[in-house]
Amino acid sequence: MTRWTSITATALALVVVLRWVLSRHDSLGRARRFPWASVVLLVVLALGTATLQLRHEGLERRLSRVAGRLDGVGVTVRCQSLGKEMVDVGSELGYVRWGPDGVPEHSTLIKREQCADLASYLASPHGTPTPGQVIAVHVLTHEAMHMAGLTGEAQAECAAVQRDADTARRLGASPVEAQALAVEYWTTTYPRMPEDYRTADCAPGGPLDEGGPDAPWLPAGLGSS
């Protein structure tokens, strides 16, 4: 939406200027004043929306690089636009589509609110993330696990909680801050997830414990709730 708004505003500004150039005098030969107000308003609108679009695309590129390193292949992260948010009726915070062969695509859409939380997390000191930022970092990790080929929600969720600290570090957090975020998600949000997202196998020494250094149960010796 912002791209087309910028293009439209630029085109309208050019039309206004062209009309003035072609009719600089009225029927009585008097000089017409240049339409400064209209042109300035349209130029400001064009520049403002172009800036928003560039920030949006920059955020998507940053998130795509992070998700790609988690996934191990090139992936694309898209942030939901305002227009799509207005007609969105889904409850999911992000999703990956499956191809006709049942294999997840290497592309994900993350909802507008979660992308806003990721953008604010990137710009924050990282030491005291909001609950929304903690969840948004995990959503990015979870969708990366789907793009890596994990189709089951519980399996993708367990793989994600063991990589949330890695995601947070790639988004600018220190190792201590990143581990704290992972533990925060594990202890406060994971236990409240729907049943199809949780499994008793996701626990220290459990079948889904990958034995990696970033598992959220390692720092405090926590078990699955």
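These numbers come from a predicted model, not from an experiment.
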With clusters defined by side-chain heavy atoms of hydrophobic residues (ILVMFWY) lying less than 4.5 Å apart, directly or transitively, does [Y] cluster with [X]?
X	Y	value
V161	L171	yes
L42	V21	yes
L109	L63	no
W36	L41	no

Considering all heavy atoms, the nearest [X]-[Y] contact:
X	Y	result
A159	R163	O-NH1, 3.0 Å
D196	E153	O-CB, 3.5 Å
A154	L208	O-CD1, 4.5 Å
T188	P191	C-CD, 4.0 Å
L140	A67	CD1-CB, 4.1 Å
A182	A165	CB-N, 3.8 Å

Check step by step if side-chain contact (heavy atoms from CB on, under 4.5 Å) holds for T151 and W98. CA-CA 9 Å; T151 57; W98 268 240; 3.1 Å; yes
I need the [X] [atom1] to [Y] [atom2] distance, nearest 0.5 Å.
X	Y	atom1	atom2	value
E92	E143	CD	CD	9.0 Å
S174	H126	OG	NE2	9.0 Å
T128	L181	OG1	CG	11.0 Å
R78	E57	CZ	CD	8.0 Å
L59	C115	CG	SG	5.5 Å
L118	E113	CG	CD	11.0 Å

N/O donor-acceptor pair under 3.5 Å between [X] side chain and [Y] backbone:
X	Y	answer
Q162	D214	no
R32	S23	yes
S120	D117	yes

Minimum side-chain heavy-atom gap [X]-[Y] below 4.5 Å:
X	Y	result
M193	Y185	yes
V134	T130	no
V39	F34	yes
M147	E105	no
V96	S107	no
R62	L122	yes
L93	Q114	yes
D209	W217	yes

Please find out if less than 6.0 Å separates the ring center of H142 from that of Y197.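 Ring centres of Y197 and H142 closer than 6.0 Å.
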side-chain contact (heavy atoms from CB on, under 4.5 Å) between H138 and Y190: does it pass, once the steps are laid out? CA-CA 10 Å; H138 176 79; Y190 183 82; over 6 Å; no
Does the side chain of Q133 come under 3.5 Å of the side chain of S124 through a donor N or O and an acceptor N or O?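 Looking only at side-chain atoms, S124 and Q133 do not form any donor-acceptor pair under 3.5 Å.
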Under a 3.5 Å cutoff, is there a donor and acceptor pairing between the side chains of T141 and T167?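 Per modelled atom types, T141 and T167 side chains form a pair under 3.5 Å.
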Inspect the contact between E177 and R169 and indicate whether a charged nitrogen and a carboxylate oxygen are less than 4.0 angstrom apart.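 Salt bridge flag = no for E177 with R169.
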Using a strict 4.0 Å threshold on nitrogen-to-oxygen distance, state whether R198 and E157 make a salt bridge.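 Between E157 and R198 there is no salt bridge, as every charged N stays at least 4.0 Å from the carboxylate O atoms.
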Quick check on side-chain contact (heavy atoms from CB on, under 4.5 Å): which of V139, V75, V77 does T108 satisfy it with?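 Among V139, V75, V77, the one that satisfies the side-chain contact (heavy atoms from CB on, under 4.5 Å) with T108 is V77.
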Scan the side chains in residues 11-19 for donor-acceptor partners under 3.5 Å anywhere in the protein, sequence neighbours excluded, and list what turns up.
none

Evaluate D201 against C158 for side-chain contact (heavy atoms from CB on, under 4.5 Å), listing each step before the verdict. CA-CA 9 Å; D201 292 341; C158 192; over 6 Å; no
Pairs meeting criterion disulfide bond (SG atoms under 2.5 Å apart) with involvement of residues 14-66, two or more places apart: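 Those involving residues 14-66 do not exist here.
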Test side-chain contact (heavy atoms from CB on, under 4.5 Å) on Y95 and I110 and set out the steps. CA-CA 7 Å; Y95 62 82; I110 294 179; over 6 Å; no
